[in-house]
Amino acid sequence: MKKYVQTMQYWEEITTNTNNYIIVITGLGGQGLIRFLRILGSSLVKKGYKVITSEKHGLSQRGGNVTCFLRFGEKMVAPIPIIGSADMIIATEKACILDVLEYAKLDRSSKLIVATYEKKSQINDYPSEEYLLKVLNEISDYINFIPVMEIVAKFTNLKIINTIILGYILRFLPISEEFINESINQHFAGDLLVLNQKAFEEGRDLK
Amino acid sequence: MRMEYLKILKGKSGGELFLLGNAAIARGALESGINVYTYYPGTPSSEVGEIFTILFKEAGLNWVESSVNEKIAIEVAGAAYARGAKAMVGMKNVGLNVASDAFFALATTHPKNKNSAIVVLVADDPQQYSSAVEMDSRYYLKLLKIPALEPSNPQECLDYTKSAFEISRELKIPVILRLVTMVAHARSNVKLGEIIQPEIDESFDLSPEVNVASRLYFLDLKQDQIYNRMNRALIISENSSLNRVEFENESNNFNLGIITSGVSYSYVIEALEFFNIKAPILKLGFINPLPERRIVAFLKQFKKVFVVEENDAYIETEVLAIAQKNCVQTKILGKDPFSYSKESSLLNFVGELNPTEIALALMKITNLTPKINLNQIKDKRYETVRRRPVLCPGCPYGTIGYALKKAVKKLKSDLGKEIYFYQDIGCYTLLSFPPYSFANVKYCMGSSIALAQGVAHTDDSLNIAIIGDGTFFHSGIPALLNGIHNKAPILVLILDNGWIGMTGQQHHPGSDPRYYQEGSFKKQIDLGKFLQGTGANISIIKHQKRIEGKYSDRLSDLIYEKGHSVLEKRDIHVIVIEDECTQKYIQRNTLEVRYIDGGQCTNCGICYTQFYCPALNEKDDRAQINSNECLGCGICEEICPNNAILGGDNNEY
Ligand SMILES: Cc1ncc(C[n+]2csc(CCOP(=O)(O)OP(=O)(O)O)c2C)c(N)n1
Ligand code: SF4
Ligand code: SF4
């Protein structure tokens with residue numbers, strides 16, 4: 001499992017050569033993925049990128065799987081990317097990552113960001129740790145498990161998983177912290193704002 | 001959301017906002033000087049209505065309402081249009097079916113007022129992410145004979161809304177703005193224009209000869225609609241920049257051109273880039289009437305033209321006819337709509353389209369080998385977790401399902417008869433799944449009560465209709481009157497949770513006006529009194545703790561007793577179950593999270609197998625409450641036979 005930080009030069013290449021960076025985000029209805037898209041998307045817009053986000057949801061507002069896309073670059077593109085093209089795939093619930101692996105690049109270069117939160121279904125079909133690791137290792141060289149549950153326990157709030165991840169992926173994105181902070185300030189108020197600011201910092205400071 | 005929505009009004013002309021397609025539509029309407037917005041909520045169209053509800057007074061509109069159903073929404077807005085307003089109506093795909101009767105008359109009328117314009121927003125939902133059926137509303141355009149525009153991204157949502165208002169105002173004909181989920185719920189950079197203050201002409205003309213659909217005037221109006229107004233719409237379509245050829249000077253080795261519209265356009269670009277091939281694309285923003293002349297000119301340049309669209313082959317069928325009429329030899333590729341054959345169809349009629357499906361189709365057309373093996377990726381299968389949508393923690397329907405199940409078990413053994421369930425559309429539809437499984441027949445909003453009648457009149461089984469309060473007001477009332485009048489031996493359960501839960505807790509006529517923003521302007525309809533007025537046998541039960549024993553037992557006993565009496569008296573009985581949607585309830589109340597007393601829990605499993613709450617599970621051989629998810633409704637505490645669920649000492653709910 002390699003970890004690396006992107007340089008600004010990398011970003012210039014990405015946005016001039018391919019015109020487009022593709023993030024797939026998956027998780028469960030009710031986890032606040034739409035807000036995640038809004039915060040990250042508006043930060044990138046402020047930086048001058050063309051951004052498009054979209055969501056496949058519906059009944060999944062309660063407990064079903066949700067898949068979202070966020071794409072940014074120099075020009076406006078389709079709300080859904082082609083399979084095998086995602087630069088980054090984020091799962092805010094662990095096993096959800098298995099739902100969207102078709103978007104991973106065949107050259108194993110997609111970054112997988114997986115929260116360690118587990119939500120079992122009513123039937124006993126949660127995949128084993130070994131199976132998950134085996135599959136993910138086949139797919140990518142860049143697997144990042146985010147130990148969100150430790151942070152969740154600290155703040156006793158399950159709704160901050162997205163914000164922790166937002167803090168974590170900051171290292172890979174071509175924007176500085178201020179842009180995201182500003183968006184977080186616009187999307188939360190009061191106690192929730194303080195909580196999410198802290199969660200963001202926890203994610204940012206993860207190794 | 002209020003702050004977020006205010007931005008739509010406050011955003012400066014020339015500025016840029018990161019907007020949802022639906023929000024861009026609201027802005028486009030404000031930039032057109034909209035006077036009236038009426039709607040009925042339905043995903044993926046609801047946000048537009050929510051935005052106007054918030055902006056109503058501040059934006060200076062004359063009227064905004066969430067109507068009782070789509071037919072009423074279009075009638076309210078339609079008459080405002082006749083009177084000289086710029087009106088807009090919003091609904092989801094199936095809402096158009098409900099509105100269609102009134103729409104036919106509206107489409108033909110020809111008001112004289114200068115300002116009059118009406119735009120009807122219809123949001124389709126390919127893949128039925130949040131609909132009971134997948135339905136392509138574009139064939140309505142042929143039935144209604146009205147112009148329609150289809151945007152492909154949030155910026156076009158704004159621009160096309162303005163064009164739609166302009167066209168309607170000029171031609172005095174309703175214009176449909178057709179959306180799909182991937183556009184309504186996409187969010188991207190949107191450049192803003194100037195907002196126009198709404199104005200209505202002080203003097204207006206409601207002449208019968210242009211506004212009355214009757215034999216006296218209708219046929220003349222219809223002549224005018226087709227040969228005058230639609231003819232002029234065609235001229236606009238032929239000359240409009242909304243229909244345009246992109247990449248006009250590009251060419252490829254396959255002599256291939258592409259015709260597409262809406263979000264499919266962006267998918268086509270994606271798929272072409274994937275193969276690194278270039279092709280001219282005729283992008284149709286005007287989806288009715290289609291620009292025949294420009295389609296012919298486009299077709300003639302190519303040996304093959306691929307028509308790319310989602311769901312029905314609406315454009316393709318038209319293009320085939322246009323080619324035949326104009327003796328164009330170009331091969332037209334697409335879904336081969338007359339064959340009903342999956343093999344000869346390059347794209348599926350069913351489900352949502354995406355760039356990958358178009359790339360696979362291009363592979364067949366061009367015989368190119370893609371740089372990555374798409375089929376290999378698609379064929380890979382993983383062990384995924386199958387999750388069903390679930391009720392919220394603390395949802396009143398969990399208790400109702402539990403009580404109903406108990407009552408039904410007893411009734412079955414007493415009566416020795418079958419019991420059937422008729423479901424309706426709302427959160428309670430989830431009671432169709434285990435552990436409850438209450439569904440035998442289900443159609444569309446408002447149908448449960450009549451469905452139950454159909455079986456009850458032909459069988460001696462017990463037939464139970466389950467309908468939410470929102471749906472009851474929307475379209476359940478006529479079916480109930482039919483049942484009362486015909487003495488249908490059915491049991492009707494009206495689940496009165498006070499709100500339209502499913503689409504985001506909007507209000508309906510029975511909602512408590514203290515708890516929604518525009519409530520102070522509204523009158524609440526008392527469901528109980530309303531039902532009493534019908535003369536039907538009714539019972540009303542409220543969720544109140546600590547009176548006359550357990551609520552779930554009282555509910556179960558009531559259902560049991562009335563189930564008996566329906567079959568004995570061979571007459572209808574209505575039970576209203578009042579228990580508020582938890583999502584609304586917790587906005588005003590703090591509840592206490594429950595926990596399991598490990599010493600008391602015998603792991604009987606009643607709370608997590610016979611009752612359903614997403615916060616309750618089995619773990620380490622006993623029941624477990626996930627404290628992050630429990631909302632503290634307390635109903636599990638009541639259901640537990642061992643008093644093992646604790647934590648709600650001060651709870652009044
Ligand atoms: C004709 C039509 N319009 C709108 C919708 C969208 N929709 C789905 S369920 C629902 C209302 C549900 O309200 P209610 O019956 O009170 O049930 P609840 O969700 O509160 O349980 C609506 C408006 C629809 N399915 N069909
Ligand atoms: S929104 Fe309300 S009615 Fe719907 S599942 Fe949640 S609590 Fe129940
Ligand atoms: S109190 Fe019980 S039924 Fe209510 S939300 Fe909590 S765990 Fe679920």
Side-chain angles (χ1 to χ4, degrees), chain A residues 19 28-30 34 37-38 41-42 44-46 49-65 76-85 93 95-96 98-99 101-107 119-123 125-128 131 135 152 156-159 186-187 189, chain B residues 3-4 16-18 43-44 125 127-131 153-155 181-183 185-189 263 265-271 273-274 352 354-356 359 372-374 376-378 380 382-392 427 430 434-435 502 504 612 614 617 626-629:
Chain A
N19 274 318
L28 301 177
I34 310 297
L37 294 179
R38 284 222 309 264
S42 55
L44 289 159
V45 166
K46 274 181 225 139
Y49 287 108
K50 294 262 182 286
V51 182
I52 186 159
T53 68
S54 65
E55 68 211 48
K56 295 183 176 214
H57 80 144
L59 287 172
S60 42
Q61 279 158 339
R62 281 177 293 274
N65 302 29
M76 195 49 81
V77 293
I80 310 180
I82 211 153
I83 58 178
S85 70
E93 192 279 346
C96 285
L98 295 166
D99 296 330
L101 290 178
E102 60 177 4
Y103 291 102
K105 291 181 181 172
L106 286 180
D107 68 4
K119 174 77 187 167
K120 312 245 148 68
S121 70
Q122 295 305 107
I123 42 177
D125 61 354
Y126 207 83
S128 69
Y131 175 76
V135 169
V152 162
T156 59
N157 191 319
L158 203 58
K159 294 246 156 127
Q186 282 165 357
H187 282 90
Chain B
M3 291 310 290
E4 183 77 8
E16 193 180 73
L17 285 177
F18 184 51
T43 317
D125 185 22
Q127 198 75 34
Q128 55 161 187
Y129 289 116
S130 29
S131 307
N153 60 35
Q155 180 68 57
T181 307
M182 272 298 146
V183 174
H185 282 175
R187 195 183 289 271
S188 73
N189 316 51
V263 73
Y265 164 73
S266 62
Y267 301 157
V268 166
I269 295 195
E270 201 87 6
E273 277 178 4
F274 176 75
E352 187 174 56
N354 58 56
T356 311
I372 59 174
N373 189 338
L374 295 175
Q376 180 199 331
I377 301 180
K378 269 188 68 168
K380 264 234 138 120
Y382 302 101
E383 291 172 23
T384 53
V385 181
R386 270 158 304 157
R387 297 174 210 272
R388 275 194 312 264
V390 294
L391 297 169
C392 301
C427 292
L430 297 177
M502 179 115 165
Y612 179 78
N617 278 303
N626 183 338
S627 59
N628 278 316
E629 290 190 61

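If you're wondering where the values come from, they're calculated on a predicted model, not measured in any experiment. Note on naming: letters A, B, ... go to the chains in the order of the sequence lines (proteins, then strands), and numbering restarts at 1 for each one.
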- How many angstroms lie between atom CG of A:L44 and atom CZ of B:F18, to the nearest 0.5 angstrom? 8.0 Å
- Pick one of side chain, backbone, both or neither for B:E352, based on which atoms fall under 4.5 Å of a heavy atom in chain A. side chain
- For A:D107, is it the side chain, the backbone, both or neither that has a heavy atom under 4.5 Å from a heavy atom of chain B? neither
- Note on the structure: Looking only at heavy atoms, the pair that brings B:I372 and A:G84 closest together is CD1-O, 3.8 Å
- Note on the structure: Looking only at B:T384, B:N628, B:I377, B:N189, most heavy-atom pairs under 4.5 Å shared with chain A are made by B:N189
- Message: With a 4.5 Å cut-off on side-chain heavy atoms, are A:P79 and B:S266 touching?
- Response: yes
- Find the distance between CZ (B:R386) and OH (A:Y126) and round it off to the nearest 0.5 Å. 14.5 Å
- Any idea which heavy atoms bring B:R387 and A:C96 closest together, and the distance? NH2-SG, 4.1 Å
- What distance do B:L374 atom CG and A:S85 atom OG have between them, rounded to the nearest 0.5 Å? 9.5 Å
- Query: Does a side-chain heavy-atom distance below 4.5 Å link B:M3 with A:H187?
  - Reply: no
- Message: Contact between B:H185 and A:I34 at the side-chain level, heavy atoms closer than 4.5 Å - yes or no?
- Response: no
- Hey, could you give me the OH/CD1 distance between B:Y267 and A:I80, rounded to the nearest 0.5 Å? 3.0 Å
- Would you say the side chain of B:S188 lies within less than 4.5 Å of the side chain of A:M76, judging by non-hydrogen atoms? yes
- Note on the structure: Rounded to the nearest 0.5 angstrom, the NZ-CD distance for A:K50 and B:E16 is 5.5 Å
- Can you check whether B:E383's main-chain N or O pairs, donor with acceptor, with A:Y131's side chain at less than 3.5 Å? yes
- Under 4.5 Å from a heavy atom of chain A, the part of B:E4 involved: side chain
- State whether A:E55 and B:R187 are salt-bridged, where the test is any N-O pair (Lys NZ or Arg NE/NH1/NH2 against Asp/Glu carboxylate O) under 4.0 Å. no
- Message: Between B:N617 and A:K120, is there a side-chain heavy-atom distance shorter than 4.5 Å?
- Response: no
- Item | Under 4.5 Å from any heavy atom of chain B - which part of A:V135 | side chain
- Pair B:E629 + A:K159: basic N to acidic O under 4.0 Å: no
- Against chain B, label A:Y103 side chain, backbone, both or neither, depending on which of its atoms sit under 4.5 Å from a heavy atom there. neither
- Message: Which atoms of B:Y612 are under 4.5 Å from chain A, going by heavy atoms: the side chain, the backbone, both sets, or neither?
- Response: side chain
- Reported OG1-to-CD1 distance for the pair B:T356 and A:I82, which is rounded to 0.5 angstrom: 5.0 Å
- Query: What part of A:L106 is in contact with chain B, defined as an atom under 4.5 angstrom from a non-hydrogen atom: side chain, backbone, both or neither?
  - Reply: side chain
- Query: Is it the side chain or the backbone of A:K105 that comes within 4.5 Å of chain B heavy atoms, both, or neither?
  - Reply: neither
